[in-house]
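Working notes, structure below.
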Amino acid sequence: MISLRLRSCAALLFAIILVAPRSEAQELKTSNPLIDSAFRLAVWTIDHNTHNGLIHAGGGYGGEWTRDCAINSWNAVSLLRPEVAEKSLWSVTDDSLRIGHQYWDKIIWTLAAHHHFLVTGDTLFLRKAYSCAARTMRELETQCFDSAYGLFMGPAVFQDGIAGYDEPVYDPAKWDDSYVLHHPNSATIKCLSTNAVYYQAYRCLYDMASLLQEPRSSSADYLRRAAFLQNQILLHLYRSDLHRPYYLIDHLGRPHDYQEGLGLAFMLLFDLLPQHEAAAMVSQVYRTDHGIPCVYPSFPRNSYERPGRHNVMIWPHVNMLYASGCARQGLWEPFFFELESLADLAVNRGHGDFYEIYTIDGEPSGGWQCGGLWDKKEHQTWCATGYLRLILDHIFGITLTPQGLELHPHGMPDGSQATLTGIPYRGATLTITLRGHGSKIKSCRLNGHPAAPQIPTTTPGPITIEIALGE
């Protein structure tokens with residue numbers, strides 16, 4: 001496990017200079033400069049990649065990716081830059097009527113829209129977003145649902161490159177075509193990550209319908225569909241005897257026994273397994289010295305010298321969602337391993353930059369696809385927002401509910417003091433200080449007075465929160 005201590009003072013100094021704090025930015029202060037530097041870098045990356053009020057995917061990419069807008073908003077942008085998140089979310093819809101762009105994973109927008117409402121409390125946004133998401137879900141149920149399996153068809157979440165798939169999904173005759181859907185066997189595959197997102201989208205639609213006081217029969221139907229889909233995922237895409245999920249079922253009905261990092265992450269995040277079973281699954285996970293790979297093991301056409309772009313490579317946004325899922329299940333060792341690894345990749349290995357992809361040796365790379373090595377991409381937003389998610393949601397335990405913001409922190413692994421400043425929440429700005437670590441809050445003070453670790457939606461002004469933690 002990578003030590004919390006610095007591996008490269010020179011690289012850290014470079015990163016600190018690069019991302020010198022601005023007065024309006026959020027700040028993290030812990031006993032570990034590496035963790036703090038990665039946090040500053042992540043906040044800087046969000047603002048650097050915001051153009052005309054839209055959050056872009058990062059160096060070399062624009063803002064047109066539905067999955068990027070959704071994941072970034074869900075991770076951190078809705079909380080830290082709510083106006084940017086809202087404009088970005090609507091920008092990837094078709095006139096706000098339906099979710100747009102690549103069809104197979106666009107329903108992830110629903111998760112971000114639900115979360116955005118919990119941040120802002122904007123009921124007009126909620127009503128419009130619910131209509132958009134519900135219409136899109138009805139269309140996808142008609143177009144993409146395989147009734148023989150009870151699963152949704154299409155590629156894996158974010159994996160639009162054919163480097164993410166083994167034969168027969170990958171067609172060797174089309175070796176020079178990178179787009180997954182140009183390979184004819186890909187359209188009817190059933191993937192773990194994609195179906196897990198549909199499952200959670202149903203649950204979010206239920207919550208959105210309930211908040212809007214839609215007819216009970218309509219909202220309850222979303223729960224029934226979620227329960228059915230969960231059953232089908234566990235039936236067809238999970239080996240309970242081995243505590244191991246499959247990556248996908250191909251067009252011939254054959255399961256592909258690869259480890260899909262994002263599929264694992266979503267199973268944990270969305271509680272698709274009982275907690276004891278989730279822990280058993282995580283105990284079987286393969287991870288490299290720098291975190292779990294995107295897909296493992298290597299496909300036969302790839303190698304250590306020529307790793308596939310979507311195969312045995314580190315995609316930090318995958319690792320961060322996996323770490324977030326581990327934290328949700330109370331699995332703190334893999335959470336801190338991924339957190340520390342990712343800070344090291346950005347600050348030291350990336351020389352002060354959140355790159356899109358790293359080799360399993362920790363080197364920035366674009367990976368191999370279609371017979372060539374692709375360019376590495378810098379300043380990747382979902383890597384930055386994913387890192388912020390781990391600090392905000394788990395170290396400090398920021399949890400959004402319709403009634404307000406709650407804190408369920410865990411603290412730093414050594415129990416040292418950690419302070420987070422400049423966190424906006426509706427009409428308030430929060431400064432949160434933690435001491436100790438663990439799941440039990442021993443004491444909490446708001447503006448110097450004993451109080452519950454909760455901020456109601458109408459609370460105004462600057463708020464200082466001090467929490468002591470214990471086991």
(Q) With a 6.0 Å cut-off on the ring centroids, do His101 and Trp65 count as close? (A) no

Q: List for me each residue that meets side-chain hydrogen bond (donor to acceptor under 3.5 Å, both in side chains) alongside Lys190, sequence neighbours excluded, and say none if there are none.
A: Asp146

Could you tabulate the donor-acceptor pairs under 3.5 Å formed by side-chain atoms of residues 438-445, not counting sequence neighbours?
{"from": "Arg445", "atom 1": "NE", "to": "Gly448", "atom 2": "O", "distance (Å)": "3.1"}
{"from": "Arg445", "atom 1": "NH2", "to": "Gly448", "atom 2": "O", "distance (Å)": "2.3"}

Q: Return yes if some donor-acceptor pair links the side-chain N/O of Ser88 with the main-chain N/O of Val84 below 3.5 Å, else return no.
A: yes

Q: Could I get the full list of side-chain contact (heavy atoms from CB on, under 4.5 Å) partners for Glu83, not counting sequence neighbours?
A: none

Q: Take Tyr322 and Glu338, measure what side-chain contact (heavy atoms from CB on, under 4.5 Å) needs, and give me the verdict at the end.
A: CA-CA 8 Å; Tyr322 171 71; Glu338 296 289 348; 3.9 Å; yes

Q: Could I get the full list of side-chain hydrogen bond (donor to acceptor under 3.5 Å, both in side chains) partners for Tyr198, not counting sequence neighbours?
A: none

Q. Could you give the distance from CG (Leu248) to SG (Cys191), rounded to the nearest 0.5 Å?
A. 4.5 Å

Q: Could you tell me whether Arg67 sits above the aromatic face of Trp109, with NZ or CZ closer than 6.0 angstrom to the six-membered ring centre and within 45 degrees of the axis?
A: no

**Q.** Residue pair Gly386 / Met320: nearest heavy atoms and the distance that separates them
**A.** C-SD, 3.0 Å

Q: Please list all pairs passing the salt bridge (charged side-chain N to carboxylate O under 4.0 Å, His left out) test where one or both residues lie in residues 359-372, with sequence neighbours left out.
A: Arg349-Glu363

Let me have the donor-acceptor pairs involving side chains of residues 462-471, under 3.5 Å, with sequence neighbours excluded, atom names and distances please.
{"from": "Glu471", "atom 1": "OE2", "to": "His437", "atom 2": "NE2", "distance (Å)": "3.1"}

Q.
For residues 270-282, which residue pairs pass the side-chain hydrogen bond (donor to acceptor under 3.5 Å, both in side chains) check, not counting sequence neighbours?
A. Tyr238-Glu277, His243-Glu277, Asp271-Arg328, Asp271-Gln329

Q: Output the distance between atom CD (Gln230) and atom OH (Tyr199), rounded to the nearest 0.5 Å.
A: 4.0 Å

**Q.** Student check: side-chain heavy atoms of His394 and Phe335 closer than 4.5 Å
**A.** yes

Q.
Ring-plane angle category for His51 and His48, please: parallel below 30°, perpendicular beyond 60°, tilted otherwise.
A. perpendicular

(Q) Listing request: all salt bridge (charged side-chain N to carboxylate O under 4.0 Å, His left out) pairs with a residue in residues 365-375, at least two apart in sequence or in separate chains. (A) none

Q. Does a side-chain heavy-atom distance below 4.5 Å link Gln380 with Ile357?
A. no

Q | Student check: side-chain heavy atoms of Leu390 and Ile395 closer than 4.5 Å | A | no

Q. When you measure from the centre of the six-membered ring of Phe270, is the NZ or CZ of Arg203 under 6.0 Å away and within 45° of the axis?
A. no

Q | Under the side-chain hydrogen bond (donor to acceptor under 3.5 Å, both in side chains) test, residues paired with Thr385 that sit two or more places apart | A | Asn72, Asn75

Q | Short side-chain donor-acceptor distance under 3.5 Å, Thr194 and Asp105 | A | no

Q. So His317 and Phe158, would you call those rings parallel, tilted or perpendicular, with 30° and 60° as cut-offs?
A. perpendicular

Q: Step through it carefully: locate the ring centre of Tyr358, locate the ring centre of His290, and say whether they are under 6.0 Å apart.
A: no

Q: Please check if any side-chain donor atom of Thr421 sits under 3.5 Å from a side-chain acceptor atom of Thr431, or the reverse.
A: no

Q: Verify whether one side chain among Ser416 and Asp414 offers a donor that lies under 3.5 Å from an acceptor in the other.
A: yes

Q | Close aromatic pair by centroid cut-off 6.0 Å: Trp382 and Tyr61 | A | no

Q: Just jot down the side-chain hydrogen bond (donor to acceptor under 3.5 Å, both in side chains) partners of Asp393, sequence neighbours excluded, or say none.
A: none

Q. If we only count heavy atoms from C-beta on, is the Leu34 to Glu340 side-chain gap below 4.5 Å?
A. no

Q | Phe152 and Tyr202 aromatic ring geometry - parallel, tilted or perpendicular at 30°/60° bounds | A | tilted

**Q.** Residue pair His310, Trp315: steps toward the ring pair (Phe, Tyr, Trp, His ring centres under 6.0 Å) verdict
**A.** CA-CA 8 Å; His310 291 267; Trp315 287 71; 4.9 Å; yes

Q: Using the side-chain hydrogen bond (donor to acceptor under 3.5 Å, both in side chains) rule, collect all pairs that involve residues 256-266, keeping only residues at least two apart or in two chains.
A: Asp166-Tyr258, Ser193-Glu260, Arg244-Asp257, Asp250-His256

**Q.** side-chain contact (heavy atoms from CB on, under 4.5 Å) against Trp374, all qualifying residues, sequence neighbours excluded
**A.** Ser178, Arg309, Gln369

Q) Side-chain contact, heavy-atom cut-off 4.5 Å: Ile398 with Leu400? A) yes

